[in-house]
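One structure is given below, encoded as C-alpha cells.
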2 protein chains.
Amino acid sequence: MRATIRDVAREAGVSIATVSRVMRDSEAVRPATRDKVRAAAAALEFVPSQLGRQLAERRHAANGIVFPDLSGPYYAEVVLGYESVAAELGRSVLILSTRGRDDADAAVQAMAERCDGLVILGRTVSDESVERLAARGANVVLVARPPVGGVDAVNAENRISAQALTQHLLDLGAHRLVFVGDPSTSPDVAERFAGVQEVSHDVELHHVDDLDETAGAHLVGDYLTRALPDAFVCANDELALGMLGRLRAAGVDIPGRVKVTGWDDVMAARYAGLTTVRQPMRALGSTAARLLDELIVGTRSTPRHEVLPTQLVIRTSTTLGKEHA
Amino acid sequence: MRATIRDVAREAGVSIATVSRVMRDSEAVRPATRDKVRAAAAALEFVPSQLGRQLAERRHAANGIVFPDLSGPYYAEVVLGYESVAAELGRSVLILSTRGRDDADAAVQAMAERCDGLVILGRTVSDESVERLAARGANVVLVARPPVGGVDAVNAENRISAQALTQHLLDLGAHRLVFVGDPSTSPDVAERFAGVQEVSHDVELHHVDDLDETAGAHLVGDYLTRALPDAFVCANDELALGMLGRLRAAGVDIPGRVKVTGWDDVMAARYAGLTTVRQPMRALGSTAARLLDELIVGTRSTPRHEVLPTQLVIRTSTTLGKEHA
DNA sequence: TTGAAAGCGATACCAT
DNA sequence: ATGGTATCGCTTTCAA
C-alpha cells in the first residue's frame, strides 16, 4: 500500500498538518522541520493522493471539453489550444466526443460533475442542456456555437471574411456567384451568406442539406447540364472539395471557367489548391481556456463573447496568379 | 450550496447509508423507502459528489492518454477509438499532449496520479518514465511504441504489409527501389525496411533525418540530376507527399517513370492519390482501452502485446490500373 | 512555528 | 431492510 500523509507524519515525528504544509510549501515551516519531513516523504516515496486533496479542496483541478469529432484538423486544433493553456494553469483536461453517441446530453451533464468547468464546441449538445448546466452553476464556455443567454462564447469572425472573400472573387471578374449551403442550419453559415450578399448583387443560394463531399460532388451534376456561374462559394471545405473533384473530373477549367471557394482550411484544402478561409483554431481553444479559468477562479461574473479574426487563404481554385502554399 | 447525502437523509428521514444504497441502487431497499429517498433527492436536486465518491471508492473512474499531437488523423483517431471504449466502460478520459512541452515526463507522472491507468502513444515519454510508472504500480498500456519490459503494448503490423507493398511494386515491374527514411530512429521504420528487403533484392536506403514534407521535397533534387529508381518507398506519408509534389512539379511522370509509396494513409494521401498502408487507428485505441481496463479491474496480470493487421491502399502513385478512393 | 481536530461527501462494514 | 459509524486522505481553522 502507498504511504499516506499520516505515515509521513509518524516517520518524521510531526503532525499531518505540518506534512501538508511542507508538501504544498504553503505556510512557513522551519527549515529543519521541512527537511525532516521531506526526508521522511522521500524515504516512504510519499505522493499525495489527488483524491484526498481534491475532496478537501472541493475542486477537481480539471476542465472538460466536448466536441463532435477529432477527424479533420478543426476540432483537433481547438482541443490542443485548449489543452496547452489548461496545462499551463495546472488543470487536467477531460474529453468527451459526441460522435456516434445518442446520449450526448446526459454524458455532458455527467462530465460536468467531474470537472470545475467545461468548454462545449459546436452543436454537440442541445441549448436546453447548456442552459441546464448554467442553471446548475456549472462554468461553461461555448466555442464555435451561437451564444446562449448569459453563457460565455468564443467564435470566429464570419461576415468580414465573407466580404473579403467575395471582393476577391469580384476583383477576379467573377460576378455571377452561387452560395452553396444552408444558412438556416447554422448561424455561421448564415453570417457567411450575409457577408457575401453585402458585397455581391448577383448571388444565388443553392440549398444543400449535408455539407459534405458527397453532397458537393452530387450537386455539380445540376450545373453541368445547365449554365455554370462564375464561382461557387461553399459554406465549408468538404462541400467545396466535393465539387472541385467532380468539376475537374468533368474537365471543367478551374479557375478559368469557374472558381470555387470553401471555408475552414482543412488539410486537404491545401492539396486541392482550394481558396478558403482559415479560422484561428488554436486561438479559439486557448481563448476559451482563459475565459473558463476566469469563471472558475471567480475573477469575472459578467458573460463575455469573443469574436476572433479569420484569414483569407488564396489558392488555385480561384486564381493561378497569386498561389500560396 | 449543493445538497449532500446528509441533507437527503434528513429530508427523507433515513440514514445516509440508505440514501447511498438508493442512489447507486446497489443492495435491496424496500420500495417505499426507495421512493421516499428518491423524492427527497429530487426535491433537493441532489447529485452525488464525484469527489466524495471517488475518495470513498479510492478510484478516479478516469483513464489517461498521452499523445504527441492531434494534427493529422493518426493520433486523433486512436484517441477517439480509445475514448469511445472508455466511455462504454464508464470511465472519463484525460488527455495530455506532449507537443511543445519540455516537461513531458513530469507531466505524465502527474497525470498518473489523476487516473486509474493510462495509455501512452508513440515516443512521447522516455522509457525510464514508463518504467517508473510501472514500478510505481500504475496501469500502463503502450501504443505505437516498442514494448518496454512487462508493460502491455498494442502495435500495428509492419513487416508483412511492407512485404505486400514491395510485392505490389515488383508486380508492376518496379525493381529498382529506394527506401526513404531512417530505420535507426524508429522500430516501426526498421521493420518496414526489413520487410521491403525480404522481398526485394535491389533496394537502396536513402537516409533522411526528418520524415516530413520539406525533407521529401528537398531530397528529390538529388535524383532529378542523377537517375531515378523505379520506385520510392517512403517511411511515411508526409515524406512521400513532399516527394510527390516536387516530382510532379518537375514534370516527372507518376507512376509511369517512377512510383511513390507512403505509410499511414493520412487524409491528404487520398487527395494526392498516394499508395500507402493504412493502420487500424481506431482499433489501436479501442484495443488499448480494453487491455487497460483488464489491468485496472485486475482481470489479468500477465503482460500482453497485441499486433493489429494493416491494409495496403493502392492509388495512382503506383498504378492507374486499380485506383481506389 | 506547530499540532489537534473538524470537516470534505461519499462508501461499506457490522449490527439490529 | 436499515442505521450507526468508521474509514478514505487530505486541507484548514483555531489554539497553543
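The model shown is predicted, which means the values in this text are computed figures rather than measured ones.
- No side-chain heavy atom of B:Y82 sits under 4.5 Å from any side-chain heavy atom of B:L284.
- The interatomic distance linking B:R114 (CZ) with D:dC10 (P) rounds to 14 Å, in whole Å.
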ask   = Between B:N155 and B:V143, does a side chain to side chain contact (heavy atoms under 4.5 Å, CB included) hold up when you go through it step by step?
value = CA-CA 6 Å; B:N155 283 284; B:V143 172; over 6 Å; no

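- When side chains are defined from C-beta on, A:Y74 does not count as touching A:V266, because their heavy atoms never get closer than 4.5 Å.
- Rounding to whole angstrom units, CD of residue A:E57 and C1' of D:dT13 are separated by 15 Å.
- In this structure, B:F67 and A:L80 approach most closely via the heavy-atom pair CE1-CD2, 4.1 Å.
- Atom P of nucleotide D:dT7 and atom CD1 of A:I5 are separated by 18 Å, given to the nearest angstrom.
- Counting to the nearest Å, the P atom of D:dG3 and the CZ atom of B:R6 are 15 Å from each other.
- Spacing between atom CZ of A:R2 and atom P of D:dG9 amounts to 10 Å, rounded to whole angstrom units.
- Atom CZ of B:R53 and atom C1' of C:dT11 are 9 Å apart (whole Å).
- Rounding to whole angstrom units, CG of residue B:L44 and C1' of C:dA10 are separated by 16 Å.
- Residue whose closest nucleotide on DNA chain D sits further toward the 5' end, between B:R34 and B:R58: B:R34.
- Residue contacts for A:L51: at a heavy-atom cut-off of 4.0 Å it reaches no nucleic acid atom on any strand shown.
- For DNA chain D, the residues of residues 13-32 of chain B within the heavy-atom distance limit of 4.0 Å (strictly under) are B:G13, B:V14, B:S15, B:I16, B:A17, B:T18, B:R21, B:A28, B:V29, B:R30, sorted by number.
- With respect to the salt-bridge test (charged N to carboxylate O, under 4.0 angstrom), the residues B:R300 and B:D152 qualify.
- With rounding to whole Å, B:L55 atom CG is found 4 Å from D:dC8 atom C1'.
- Proximity of A:R136 to A:Q109: side-chain heavy atoms (C-beta onward) are separated by under 4.5 Å at one or more points.
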